Structure formats: C-alpha cells, structure tokens
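As the structure is a prediction and not an experimental result, all values here were calculated from the model. Every chain is numbered from 1 and lettered A, B, ... according to where its sequence line falls, protein lines coming before strand lines. Excluded from the calculations below are hydrogen atoms, water molecules and symmetry mates; all remaining heavy atoms, backbone and side chain alike, are included.
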Amino acid sequence: KAGVTQTPRYLIKTRGQQVTLSCSPISGHRSVSWYQQTPGQGLQFLFEYFSETQRNKGNFPGRFSGRQFSNSRSEMNVSTLELGDSALYLCASSRDRGQTYEQYFGPGTRLTVT
Amino acid sequence: KNEVEQSPQNLTAQEGEFITINCSYSVGISALHWLQQHPGGGIVSLFMLSSGKKKHGRLIATINIQEKHSSLHITASHPRDSAVYICAVHRPGGGADGLTFGKGTHLIIQP
C-alpha cells in the first residue's frame, strides 16, 4: 500500500506570494491533517479535514487555508507569505477521525520564504 | 510551561547502550504517541498507547497514566536509531486538533 505523498517536496517563494501544497493520503484513509514544523515552535497543528469538511483548525491566521476533495486528497494554501512561514509542512492521514486511529505522516514539503 | 515536556533534549550515546527518553504531560489524555523523525523530515509513528507497555523489536514504550509520564526505551542501540524522537499526546474528544507535541529529543548513536 502506497504511503502518504506530498508535493512538492521543496519550494522557494518570495514574501507576498501565495503557495499551494498538496497531500495524497493512503488509499482508504478519510482524515487528513496538516502540521507546521519550525525550529522554534516545533510541530503545531494547522487543520484537519474529513469528508471534504474542515473539522478543526489550529491557532493560525486566516492566510492559512485548505480543502479536501472527494477522493480525500487535500491541499493547503498560504497567501501573502511572510518570512516566518518558512517551515516544514507535514500532512498525515488516518483511516477515520478520533484518537484511536493511528496517523501516518507524509515526507513533508519544505517551504522557504525569502 | 509546555503541556508536553521531553527529556533530555539532546542525547549522545555509544552503540549498544540502553537508551531512555522521557515524556511528561500536564493535561488529561486519551492516548500518547511516540514518533521518530529522521533528517530530511519524514515522521514515522512508532507507538500509540493509552496504558501499560508496548514492544516492537528493540523499542519499548511505557505509560503511567496516574503519574502522567511515558518513557521510550531503545535496547542495543544502533547508529541507525539516530533521529529526533517526539512525544505527542492526544486530548480526549477526538480529531487531530487534540494532538499536542513535545519539542523532541535529538538522539545520536555513535559507532
């Protein structure tokens, strides 16, 4: 069974631009979550999608948004990029919602904002 | 104070040594995860536990719910175990927003 895939793996953008990251979950998984990892803050929850609906959102500004498609693939978008948005963005999929379901992480997209 | 504290932050040991990484949390939880992150970023889930002890190969994870403490042990450590180990707790209520992460323990195993 193929794992979680994320594209692109690396990205360099300029302040003020916007970016879209993609995540394809493991086949059959319906929940996709996004996380931001920075050296200073560590891993932080961004949002979770299930059945094409955003179920939860972390403490991030409205510039961070996302969506999920009917095939469970998910995208996240960051508009008006700031230098502080430079981070590793990870997505994780699980079969269903809830703490009893293990999360499987993708390799991440490393975003650099200059 | 962070809700999830890990110790030590950094650990360097010799191949073959027994390794212990600790995780303490201050909130009620429904599950605790141990994750492994290699250089390059990919994260692998090692264990998810809500009570007792789990073992997988040379890795052992224990949790004491009353003391709000978990440990990850590595027996007969090997250089390929070098990675960042992250503890994450899942608060009751379900959903990924319940995951709170520790800052991680950077482990280096020298040959």
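- Side-chain atoms of A:Phe105 and B:Leu35, non-hydrogen and from C-beta on, do get closer than 4.5 Å to each other.
- Using a 4.5 Å heavy-atom cutoff, the side chains of A:Gln103 and B:Met48 are not in contact.
- Checked against A:Leu43 for a side chain to side chain contact (heavy atoms under 4.5 Å, CB included), the options B:Ile86, B:Thr100, B:Leu99 give a single hit: B:Ile86.
- By the 6.0 Å contact criterion, CZ on A:Arg15 is open, its count of non-hydrogen atoms from other residues, nucleotides or ligands being 12 or less.
- Residue B:Ile43 is not grouped with residue A:Tyr10 when hydrophobic side chains (ILVMFWY) are merged at heavy-atom distances under 4.5 angstrom, including chains of intermediate members.
- The environment of A:Asn71 atom CG is dense: over 12 non-hydrogen atoms of other residues, nucleotides or ligands sit within 6.0 angstrom.
- Only the side chain of A:Leu88 comes within less than 4.5 Å of a heavy atom of chain B; its backbone N, CA, C and O stay farther away.
- Ranking A:Gly42, A:Pro107, A:Gly108 against chain B, the residue ahead of the rest is A:Pro107, based on heavy-atom pairs under 4.5 Å.
- Under the 4.5 Å side-chain heavy-atom criterion for ILVMFWY residues, a single connected hydrophobic cluster contains both B:Ile63 and B:Val27.
- Looking only at distances, no side-chain donor or acceptor of B:Lys103 sits under 3.5 Å from a matching main-chain atom of A:Pro39.
- Atom CD of B:Gln9 sits in a sparse spot, with 12 or fewer heavy atoms from other residues, nucleotides or ligands closer than 6.0 Å.
- Annotation: B:Gln14, atom CD; neighbour count of heavy atoms from other residues, nucleotides and ligands within 6.0 Å is above 12.
- Proximity to chain B (any heavy atom under 4.5 Å) is restricted, for A:Gln37, to the side chain, taken from C-beta onward.
- Aromatic ring centroids of A:Phe45 and B:Phe101 lie 6.0 Å or more apart.
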